[in-house]
Amino acid sequence: MLRTILITLLGPMLWGTTYAVFTETLPVSHPLLTGAMRALPAGLILLALNPRIPPAAALRRHAAIGLTNIAIFFALLFVAAARMPGGLAATLGAIQPLVVILISAWLIGRAPHPVQILAGVAGVAGVGLLVLSPEARPDPIGVAAAIGGALSMAAGTLLIDRWGRMGTPLETTTWQLILGGAMLMPVALMVEGLPPAPGLTEILGYGWLMLMGTAFSYFVWTRGIGRLGPSTAYLALASPVVATAIGAAALGEWFNAWQWAGMALVIGATAVGVSIGRRG
């Protein structure tokens, strides 16, 4: 189990690089197109590793996962990142584990363990202590996008847990990225149009997001959900921790006492949430 947790944890840790890569290397004026360019090529790369088309019934389920976990989530994630400081967006997105546990409990008709709820609340509080700054100003559209993205990814996590075993983790990852990216791409082009011709910096940024930040990270995440269940969502709290560490390193700063307290809360919430979820 520990090995599975550590491998799955690589996914959210790589996602923690997304805010910095997006704001520093990619066209912030094209958040929807960035989401589509993150997903569709990554899915096609994975398809080259496993060139198999699933049956129609499986494709319909992959499409539902792709809509929630990729198309809607990526669109809202980058809209939030473009309109708000990454710390505020990450704090709002940290509600995802709590949403997953509550909806999962509702679906199975069993009240969630009180400690799971407490861990979810502690996770949000920990992320807030870690990443929020006094000068952070919420943008109404950005706030709505961050919360909507968290809800959408929570739905995708539950769908993967429910349907992901119908194929291999590689297949599920491949087709949610392809179908989700294919849904988002025409919307992005209609709304935003084409961005300026990419230079070397943009190419490197897209390359990192496609390969490590999406193809690899979503494969280990999908594989982890299949083995750990909905409690995998708590591991997503690692993403803002990494994002904050990158920001601090870029500025040559070190964590203050409040940030260390926030990190301790996040680590504790993650450990408790995953362990209770496995026992449940």
Side-chain angles (χ1 to χ4, degrees), residues 2 5-6 8-24 73 76-78 80-81 83-102 112-139 142-151 153-154 157 213 217 221 224 228 230-277:
L2 180 59
I5 290 173
L6 293 176
T8 307
L9 193 59
L10 291 174
M13 291 178 69
L14 287 167
W15 297 341
T17 67
T18 299
Y19 289 111
V21 171
F22 176 52
T23 57
E24 299 301 321
F73 172 61
L76 296 178
L77 167 72
F78 286 113
R83 301 184 68 97
M84 294 190 303
L88 183 54
T91 303
L92 295 169
I95 66 172
Q96 187 220 136
L98 193 57
V99 173
V100 168
I101 293 305
L102 292 175
H113 196 292
V115 177
Q116 286 181 295
I117 297 178
L118 183 61
V121 174
V124 176
V127 171
L129 288 174
L130 183 65
V131 304
L132 283 182
S133 60
E135 60 271 16
R137 294 291 180 268
D139 171 88
V143 169
I147 295 174
L151 295 175
M153 188 176 182
T157 298
S217 63
W221 181 254
L228 301 173
S231 62
T232 309
Y234 286 97
L235 297 177
L237 294 171
S239 178
V241 173
V242 172
T244 305
I246 291 173
L251 296 174
E253 298 176 349
W254 194 239
F255 288 170
N256 58 37
W258 286 111
Q259 287 177 308
W260 282 116
M263 181 176 289
L265 267 177
V266 168
I267 294 172
T270 301
V272 171
V274 173
S275 62
I276 292 293

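Keep in mind the model is a prediction, meaning the values are calculated, not measured.
Counting heavy atoms from C-beta on, the side chains of V241 and M13 never come closer than 4.5 Å. Side-chain contact between L77 and Y19: present, with at least one pair of heavy atoms (C-beta onward) separated by less than 4.5 Å. Taking 4.5 Å as the limit, some side-chain heavy atom of L237 sits within range of a side-chain heavy atom of P97.
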Exercise for the section: Go through W15 and S217 one step at a time and tell me if the side chain to side chain donor-acceptor pair (under 3.5 Å) criterion holds. Expected result: CA-CA 7 Å; W15 297 341; S217 63; 2.9 Å; yes

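No option in V127, V121, V124, V100 other than V124 meets the side-chain contact (heavy atoms from CB on, under 4.5 Å) test with I95.
For the atom pair L130 CG and L265 CG, the distance stands at 10.0 Å (nearest 0.5 Å). Note that OG1 of T18 is 5.5 Å distant from CZ of F78, once rounded to the nearest 0.5 Å. S239 contributes atom OG, which lies 10.5 Å from atom CG of L9 (distance to the nearest 0.5 angstrom). For the atom pair I101 CD1 and Q96 CD, the distance stands at 10.0 Å (nearest 0.5 Å). Interatomic distance, T157 OG1 to M153 CE, rounded to the nearest 0.5 Å: 5.0 Å.
Annotation for A80 and A146: closest pair CB-N, 3.8 Å, computed over non-hydrogen atoms. Considering every non-hydrogen atom in both P12 and A238, the closest pair reads CB-CB, 4.1 Å. For the residue pair V272 and A119, the shortest heavy atom distance occurs at CG1-CB, 4.3 Å. Annotation for I117 and Y234: closest pair N-OH, 4.4 Å, computed over non-hydrogen atoms. Here the closest heavy-atom approach between residue T23 and residue A81 is recorded as CG2-O, 4.4 Å. The two residues A236 and P240 come nearest to each other via the heavy atoms O-CD, 3.6 Å.
Between the side chain of Q116 and the backbone N or O of H113 there is at least one donor-acceptor pair closer than 3.5 Å. The backbone N or O of N256 sits less than 3.5 Å from a side-chain atom of Q259, completing a donor-acceptor pair.
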